[in-house]
Amino acid sequence: MKYWLLLVPLFLMGTTVETTNAGRTLYVQNCAACHGVDGRGDGPKGVGLNTPPADLTKIAARRDGMWPALEIMDILSGYSRNILPREDMPVVVNILDNEMSEFDPGNGEPILMPTKLIAVAHYLESLQDPAPTSYLP
């Protein structure tokens, strides 16, 4: 039994790595053209936009170290069109598929969210420089 307990962290770590890799692939396919491969806002299609692409590596830094997961997912999904800048940023439709996964918004009561949307948000979290020091769902 105690050997099984040793495998749990490895399983969870593998799940996080898989999610981050899936998120990276989706990011490269849908976001890198404007935000750049490294997320710094320097992609070739970002030149000449009315609103320059944001440096996605500084999301947490701009919020005093806090990572706002639900806000990021709202921006990506287009659900909250009142979050600026939005004028030139498209809704990333192909991450809003029917495959759903549980996401804990921080209150211990998981909600269902599109799996790909969660993966991209996890990937963006991994890009943060410096790393987030606190989390807001």
Side-chain angles (χ1 to χ4, degrees):
M1 178 68 174
K2 64 183 173 182
Y3 295 111
W4 284 106
L5 293 175
L6 294 173
L7 294 176
V8 170
L10 293 175
F11 171 75
L12 293 175
M13 184 175 72
T15 302
T16 302
V17 168
E18 288 172 23
T19 301
T20 302
N21 286 339
R24 182 184 194 294
T25 299
L26 290 163
Y27 173 84
V28 168
Q29 292 170 347
N30 297 285
C31 312
C34 292
H35 290 281
V37 174
D38 297 326
R40 299 193 186 282
D42 58 357
K45 287 191 175 179
V47 177
L49 294 177
N50 291 334
T51 305
D55 180 344
L56 301 177
T57 67
K58 301 295 182 192
I59 296 169
R62 289 191 295 264
R63 290 164 176 78
D64 297 321
M66 182 185 60
W67 177 251
L70 284 178
E71 179 183 338
I72 298 308
M73 288 190 267
D74 282 349
I75 293 169
L76 290 170
S77 70
Y79 180 76
S80 181
R81 292 298 248 171
N82 63 350
I83 297 173
L84 298 176
R86 292 295 305 166
E87 184 177 309
D88 292 332
M89 186 172 154
V91 172
V92 186
V93 178
N94 73 335
I95 64 172
L96 304 175
D97 61 5
N98 291 331
E99 185 180 338
M100 305 292 270
S101 295
E102 288 187 345
F103 174 78
D104 184 352
N107 63 2
E109 296 182 28
I111 57 175
L112 289 177
M113 300 286 284
T115 302
K116 291 178 181 178
L117 182 62
I118 295 169
V120 174
H122 279 301
Y123 177 68
L124 292 176
E125 179 184 350
S126 77
L127 293 180
Q128 298 310 291
D129 182 27
T133 56
S134 62
Y135 296 84
L136 178 70

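- Rounding to the nearest 0.5 Å gives a distance of 11.5 Å between NE2 of His35 and OG1 of Thr57.
- Rounding to the nearest 0.5 Å places NZ of Lys116 at 8.0 Å from CD of Gln29.
- Sorted pairs that involve residues 25-35 and meet salt bridge (charged side-chain N to carboxylate O under 4.0 Å, His left out), not counting sequence neighbours, are lacking altogether.
- When the salt bridge (charged side-chain N to carboxylate O under 4.0 Å, His left out) test is applied to Asp38, no partner is found at least two apart in sequence or on another chain.
- Residues satisfying the side-chain hydrogen bond (donor to acceptor under 3.5 Å, both in side chains) criterion with Arg62, sequence neighbours excluded, are absent altogether.
- Val92 and Val37 are assigned to two separate hydrophobic clusters, defined by single-linkage of ILVMFWY side chains at heavy-atom distances under 4.5 Å.
- For Asp42, there are no salt bridge (charged side-chain N to carboxylate O under 4.0 Å, His left out) partners, not counting sequence neighbours.
- Listed by chain and number, the residues in a side-chain hydrogen bond (donor to acceptor under 3.5 Å, both in side chains) with Ser101 are Thr115 (sequence neighbours excluded).
- Put simply, CG on Leu96 and CE on Met73 are 11.5 Å apart, with the number rounded to the nearest 0.5 Å.
- At least one side-chain heavy atom of Leu76 sits less than 4.5 Å from a side-chain heavy atom of Met89.
- Applying the side-chain contact (heavy atoms from CB on, under 4.5 Å) test to Asp64 and every residue at least two apart in sequence or in another chain returns nothing.
- Nearest heavy atoms, Ala121 versus Trp67: O-CZ2, 3.4 Å.
- Looking at residues two or more places apart in sequence or on another chain, you find a side-chain hydrogen bond (donor to acceptor under 3.5 Å, both in side chains) between Glu125 and Tyr135.
- In this view, Ser126 and Thr20, Tyr123 satisfy the side-chain contact (heavy atoms from CB on, under 4.5 Å) rule, not counting sequence neighbours.
- For Asn98, there are no side-chain hydrogen bond (donor to acceptor under 3.5 Å, both in side chains) partners two or more places apart in sequence or in a different chain.
- Remark: Thr25 OG1 to Asn30 CG distance equals 10.5 Å, nearest 0.5 Å.
- Residues Leu56 and Tyr27 are in side-chain contact: their nearest non-hydrogen atoms beyond the backbone lie under 4.5 Å apart.
- Counting all heavy atoms, side chain and backbone alike, Pro132 lies closest to Gln128 at CD-CB, 3.7 Å.
- Taking Ile, Leu, Val, Met, Phe, Trp and Tyr as members and joining any whose side-chain heavy atoms lie under 4.5 Å apart, directly or through other members, Leu49 forms no hydrophobic cluster with any other residue.
- Note that CZ of Arg63 is 9.5 Å distant from CG of Leu136, once rounded to the nearest 0.5 Å.
- Listed here is the closest heavy atom pair of Met113 and Leu70: CE-CD2, 4.3 Å.
- With values rounded to the nearest 0.5 angstrom, Ile59 atom CD1 is found 4.0 Å from Ile72 atom CD1.
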Check the pair Ile118, Met100 against side chain to side chain contact (heavy atoms under 4.5 Å, CB included), reporting the backbone distance first and the verdict last. CA-CA 9 Å; Ile118 295 169; Met100 305 292 270; over 6 Å; no

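- Residue Leu112 is not grouped with residue Leu117 when hydrophobic side chains (ILVMFWY) are merged at heavy-atom distances under 4.5 angstrom, including chains of intermediate members.
- Take Lys58 and apply the salt bridge (charged side-chain N to carboxylate O under 4.0 Å, His left out) test, not counting sequence neighbours, and it matches Asp129.
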